[in-house]
*Asks:* 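Pasting a structure here, questions to come.
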Amino acid sequence: MRREMFAGNWKMNTTHVEGSVLAEGIVSRLSTSGSDVVLIPPFTGIESVSNIVHSSSVALGAQTMSAQDGGAFTGEISPVMLKSLGCDYVVLGHSERRSLFGETSAQVLEKAVAAVAHGITPIVCVGETLEERESGQALAVIETQVRESMVGLTQEVVVAYEPVWAIGTGKVATPEQAQEVHASIRSVLSDLFSVVVAEDTRILYGGSVKPDNVASIMAQADVDGALIGGASLNADAFVSIIEYNKTSTE
Ligand code: PGA
């Protein structure tokens, strides 16, 4: 059984003070849930959020990292630094990193190897652009990203499918579109690793996940959780996404 995971990617939002308030709001509203919850503040908020979540079941992640342990890499943050602040997860290859900062799948793989070496679980993001979807290339593009970003990894990894056209746009993939891609990713994982690894790997959906659409996406067999951007900046919205089961049965 794959345990559900909900990760809030705050992107370049929140000062460390605002981040503390948001984290406190989330932790205080969450009832002990059967899911893994991960808060992913900007680097400057990691320490203060860490102080808030360390005595709770909520985990901490970073939005990117260097593949290097340390040294002359101005502006970079290493896995050693992240681990020492209590980060157990790192998002790698988010589409904004790929499109705005030129991050390649080869670099994602290098960073994923470094993360694993330091006991940090990578959340590897993949997804197609609108043009790729409309030209029927979505599954092929995603397969290439999965293979190039993950080949040879030996430890637990989380995959996040985030159609680029759905991120921050309010356009969410239909549950059927999400399921088709998630099932396809799982079969690539099975080929790349093994059936057992593929069955154990959590595949999150990301892209305009909100309290009112989460239940239909989570109902899909191969959707194991969500990576949430905009709605994770509001404690009420984020917690109602995590507790979608409760909300939908009330
Ligand atoms: P969104 O972002 O929920 O604001 O669409 C998702 C993401 O980029 O992880």
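All residue numbers in this chain count up from 1 along the given sequence. What's counted below: heavy atoms across the whole structure, side chains too, no hydrogens, waters or symmetry copies.
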*Asks:* More than 12 foreign heavy atoms under 6.0 Å from CD of E131: is that the case here?
*Replies:* no
*Asks:* Verify, without hydrogens or angle tests, whether S232 (side chain) and G229 (backbone) share a donor-acceptor contact under 3.5 angstrom.
*Replies:* yes
*Asks:* Would you indicate whether the side-chain heavy atoms of V38 and M5 approach each other to under 4.5 Å?
*Replies:*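 Heavy-atom side-chain distance check passes, below 4.5 Å.
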*Asks:* Between V158 and L204, is any pair of side-chain heavy atoms under 4.5 Å apart?
*Replies:*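 Heavy-atom side-chain distance check passes, below 4.5 Å.
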*Asks:* Do side-chain atoms of S50 reach the backbone of L85 as a donor and acceptor pair under 3.5 angstrom?
*Replies:*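 Looks like yes, one N/O pair under 3.5 Å.
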*Asks:* When hydrophobic residues are tied together by side-chain contacts of less than 4.5 Å, even through go-betweens, does I185 share a cluster with V164?
*Replies:*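 No; tracing contacts between hydrophobic side chains, which count when under 4.5 Å, never links both residues.
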*Asks:* Please tell me if the side chains of Q179 and I217 come closer than 4.5 Å, counting only heavy atoms from C-beta onward.
*Replies:* no
*Asks:* Checking side chain to side chain contact (heavy atoms under 4.5 Å, CB included) for the pair T15/E18: CA distance, chi angles, key distance, verdict?
*Replies:* CA-CA 5 Å; T15 62; E18 292 163 345; 3.3 Å; yes
*Asks:* How far apart are the C-alpha atoms of E243 and S31, what are their side-chain angles, what is the distance that settles it, and do they pass the side chain to side chain donor-acceptor pair (under 3.5 Å) test?
*Replies:* CA-CA 9 Å; E243 298 183 345; S31 42; 2.7 Å; yes
*Asks:* Got a sec, which pairs hit ring pair (Phe, Tyr, Trp, His ring centres under 6.0 Å) with one end in residues 47-88, sequence neighbours left out?
*Replies:* none
*Asks:* Checking T201 side chain against V197 main chain: does a donor-acceptor pair fall under 3.5 Å?
*Replies:* yes
*Asks:* Taking the side chain as every heavy atom from C-beta outward, state whether P175 and Q220 have any pair of such atoms under 4.5 Å apart.
*Replies:*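 When only atoms from C-beta onward are counted, Q220 and P175 do touch, with a gap below 4.5 Å.
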*Asks:* Under 4.5 Å between any side-chain heavy atoms of T154 and F193, yes or no?
*Replies:*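 Side-chain contact under 4.5 Å: no.
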*Asks:* Verify, without hydrogens or angle tests, whether K111 (side chain) and M65 (backbone) share a donor-acceptor contact under 3.5 angstrom.
*Replies:*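 Looks like yes, one N/O pair under 3.5 Å.
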*Asks:* Among all residues two or more places apart in sequence or in another chain, which pass the salt bridge (Lys or Arg N to Asp or Glu O under 4.0 Å) test with E47?
*Replies:* none
*Asks:* Working to the nearest 0.5 angstrom, can you tell me the gap between S57 OG and D36 CG?
*Replies:*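 Separation between the atoms: 8.5 Å.
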*Asks:* So, R29 side chain and G25 main chain: donor-acceptor pair closer than 3.5 Å or not?
*Replies:*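 Pair found, side chain donor or acceptor close to backbone of G25.
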*Asks:* NE2 of H182 to OH of Y161: how many Å apart, nearest 0.5 Å?
*Replies:*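 Result: 7.5 Å between the selected atoms.
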*Asks:* Is there a side-chain contact between C125 and L227 in this structure, where contact means two heavy atoms from C-beta onward sitting under 4.5 Å apart?
*Replies:*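 They are in contact (side-chain heavy atoms under 4.5 Å apart), so the answer is yes.
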*Asks:* Identify the heavy atoms of G207 and V172 that sit nearest to each other, and give their distance.
*Replies:*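 So the minimum-distance heavy-atom pair works out to O-CG2, 3.6 Å.
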*Asks:* Transitively linked via ILVMFWY side-chain contacts under 4.5 Å: V113 with Y89?
*Replies:*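 Per the 4.5 Å side-chain linkage, V113 and Y89 are not co-clustered.
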*Asks:* Would you compute the distance between atom CD of Q68 and atom OG of S78 and round it to the nearest 0.5 angstrom?
*Replies:* 9.5 Å
*Asks:* What's the spacing between T64 OG1 and E103 CD if we round to 0.5 Å?
*Replies:* 4.5 Å
*Asks:* Would a distance-only check, ignoring hydrogens and angles, find a side-chain to backbone donor-acceptor pair under 3.5 Å from Y205 to A173?
*Replies:* yes
*Asks:* Which heavy atom of G86 sits nearest a heavy atom of L60, and at what distance?
*Replies:*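 For G86 and L60, the tightest heavy-atom pair comes out as O-CB, 3.7 Å.
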*Asks:* Let's go through Q63 and W10 carefully: what are the C-alpha distance in whole Å and the side-chain angles of both, what is the deciding distance for side chain to side chain donor-acceptor pair (under 3.5 Å) to 0.1 Å, and is it a yes or a no?
*Replies:* CA-CA 8 Å; Q63 299 175 13; W10 297 358; over 6 Å; no
*Asks:* Under the rule for side chain to side chain donor-acceptor pair (under 3.5 Å), what residues qualify as partners of H94, not counting sequence neighbours?
*Replies:*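 So H94 forms a side chain to side chain donor-acceptor pair (under 3.5 Å) with E162.
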*Asks:* Would you find a donor on one side and an acceptor on the other, under 3.5 Å apart, between the side chain of Q177 and the backbone of T174?
*Replies:* yes
*Asks:* Kindly indicate, with the supporting measurements, whether the criterion side chain to side chain contact (heavy atoms under 4.5 Å, CB included) is fulfilled by L39 and F238.
*Replies:* CA-CA 10 Å; L39 302 188; F238 187 55; 3.6 Å; yes
*Asks:* Do D224 and R186 meet the salt-bridge criterion of a basic N to acidic O distance under 4.0 Å?
*Replies:*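 Result for this pair is yes, salt bridge flagged.
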*Asks:* Under the ring pair (Phe, Tyr, Trp, His ring centres under 6.0 Å) definition, can you give me all pairs with a residue in residues 100-143, not counting sequence neighbours?
*Replies:*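 Not a single pair qualifies under ring pair (Phe, Tyr, Trp, His ring centres under 6.0 Å).
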*Asks:* Could E4 and R202 be called an ion pair, given the rule that one side-chain N must be under 4.0 Å from one carboxylate O?
*Replies:*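 No, E4 and R202 are not salt-bridged.
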*Asks:* Output all residues satisfying side chain to side chain donor-acceptor pair (under 3.5 Å) with N234, sequence neighbours left out; order by chain, then residue number.
*Replies:*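 In terms of side chain to side chain donor-acceptor pair (under 3.5 Å), with neighbours along the sequence ignored, N234 is linked to no residue.
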*Asks:* Taking the side chain as every heavy atom from C-beta outward, state whether D222 and I203 have any atom pair closer than 4.5 Å.
*Replies:* no
*Asks:* Could you work out, with salt bridge (Lys or Arg N to Asp or Glu O under 4.0 Å) as the rule, every residue matching D88, not counting sequence neighbours?
*Replies:*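 Once residues adjacent in sequence are excluded, the partners of D88 under the salt bridge (Lys or Arg N to Asp or Glu O under 4.0 Å) criterion are K83.
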*Asks:* Is there a side-chain contact between R133 and V181 (heavy atoms, below 4.5 Å)?
*Replies:* yes
*Asks:* State plainly whether the residues D200 and R2 are in salt-bridge range, i.e. N to O under 4.0 Å.
*Replies:* no
*Asks:* For R98 and S105, does a side-chain donor sit closer than 3.5 Å to a side-chain acceptor?
*Replies:*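 Their side chains do contain a donor-acceptor pair, which is all the 3.5 Å distance test asks for.
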*Asks:* Under the side chain to side chain contact (heavy atoms under 4.5 Å, CB included) rule, what do S208 and T169 come out as? Steps first, then yes or no, please.
*Replies:* CA-CA 7 Å; S208 298; T169 59; 4.0 Å; yes
*Asks:* Working note: S20 + I52, criterion side chain to side chain contact (heavy atoms under 4.5 Å, CB included); need CA distance, chi angles, decisive distance, verdict.
*Replies:* CA-CA 7 Å; S20 298; I52 292 160; 3.6 Å; yes
